Amino acid sequence: MEKIIQEGLAAMGIDAPEGAAALMAAYGQRLLAANAVTNLTAITDPAAVARLHFLDSAALVSMADLSGKAVADVGSGAGFPGVPLRILRPDMALTVMDSVGKKMDFVREACAALGIGGVTCLWGRAEEMTEFRERFDIVVSRAVADLTLLAELCLPLTKVGGLFLAMKGPDCGDEAAQADFAVRALGGRVREIKRYDIPGADVTHAVVAVEKVRPTPPQYPRRYAQMKKRPLRG
Ligand code: SAM
């Protein structure tokens, strides 16, 4: 895993601190070991873990300057994309959130064992984290929900002047267009959709970058059942 990550980061033009690829590989090994007992990831081939978890996550460092920022990863699962980003930018403060406790236990234990500091693990639903409203400079999320619903989970947590980065498939243009009403209603504005290739994987993914331009109205986020039942569409 280490070699694939090291070479992939170089191919992506990402500057990484000394030892970052080794640390990511060590985290990946722990993930695979834990996954044998608890279901944490569907990706079980080490080379695929290196590319589809670590290099994919790393692509976000090209979207924003994360250094010194308070970053939240909503629906982080086993720590993606948040933990690789924290390894690449050790001066950012990372908060990972997930509604499944065993996933947060894994991230907490793996980070502690590997000396990855500055990581806060919150077990709970993002829409219920009212104490963190507009507290994060950057909110990231991968593979959690359709962008319309995801915007309602993530934009309330994003500071005005901050950024929400949603990791999506390459054909997310229609999804982004459909979510535009929700993004604007929640205080955001789509800045760009940027596509990127994952080295060695023959996979193209995309990031939808949303700027938070005004405060989220107090009625949002709604309860999850409401978000599902009545998506914010114009
Ligand atoms: N982001 C990780 C990744 O890309 O590997 C995990 C993706 S997994 C498919 C989706 C995760 O989102 C699950 O771990 C689930 O528990 C979490 N999730 C879904 N809705 C959530 C919510 N409202 N609040 C917090 N976590 C949520």
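Counting starts at 1 for both ligands and their atoms, following the listed order. Keep in mind that what you see is a predicted model, and the values were worked out from it rather than measured.
Those atoms of ligand 1 that come under 4.0 Å of a heavy atom in Val100, given as number and element, are 16 (O). Heavy-atom contacts of Gly77 reach the following atoms of ligand 1: 6 (C), 14 (O) (cutoff under 4.0 Å). Less than 4.0 angstrom separates some heavy atom of Lys103 from each of these atoms of ligand 1: 13 (C), 14 (O).
The shortest contact between atom 24 (N) of ligand 1 and any protein heavy atom is with Ala126 N, 2.9 Å. The nearest heavy-atom contact from the protein to atom 27 (C) of ligand 1 is Ser99 OG, 3.5 Å. The protein heavy atom nearest to atom 19 (C) of ligand 1 is Val144 CG1, 3.8 Å. With respect to atom 15 (C) of ligand 1, the closest heavy atom belonging to the protein is Asp98 OD1, 3.5 Å. Given atom 23 (N) of ligand 1, the protein heavy atom at minimum distance is Glu127 OE1, 2.9 Å. In terms of protein heavy-atom proximity, atom 6 (C) of ligand 1 is closest to Gly75 O, 3.4 Å. Atom 9 (C) of ligand 1 has Ala143 O, 3.1 Å as its closest protein atom, hydrogens excluded (heavy atom only).
Ion pairing of Arg233 with Asp146 is present here, as a side-chain N (NZ or NE/NH1/NH2) and a carboxylate O approach within less than 4.0 Å. Note on Lys212 versus Asp137: no salt bridge recorded, every NZ/NE/NH1/NH2 to OD/OE distance being 4.0 Å or above. Ion pairing of Asp105 with Arg108 is present here, as a side-chain N (NZ or NE/NH1/NH2) and a carboxylate O approach within less than 4.0 Å. With salt bridges taken as basic N to acidic carboxylate O contacts below 4.0 Å, one links Arg125 and Glu127.
Each of Asp180, Leu155, Leu163, Thr158 was compared with Val210 under the side chain to side chain contact (heavy atoms under 4.5 Å, CB included) criterion, and only Leu155 meets it.
Residue contacts with ligand 1 include Gly124, since one or more of its heavy atoms lies under 4.0 Å from the ligand.
Heavy-atom proximity to atom 22 (C) of ligand 1, evaluated over Arg142, Met167, Arg125, is greatest for Arg125.
In Ser76, the part holding a heavy atom less than 4.0 Å from any atom of ligand 1 is the backbone.
Annotation: Phe80 places an N or O atom under 3.5 Å from an N or O atom of ligand 1; distance criterion only.
The shortest heavy-atom contact between Leu122 and Met104 is O-SD, 3.4 Å. Scanning all heavy atoms of the two residues, the minimum distance from Ser76 to Val96 falls at OG-CG1, 3.6 Å. Here the shortest heavy-atom pairing between Ala206 and Pro170 reads CB-CA, 4.2 Å.
With Arg30 contributing its side chain and Val107 its backbone, the two residues share no donor-acceptor pair below 3.5 Å.
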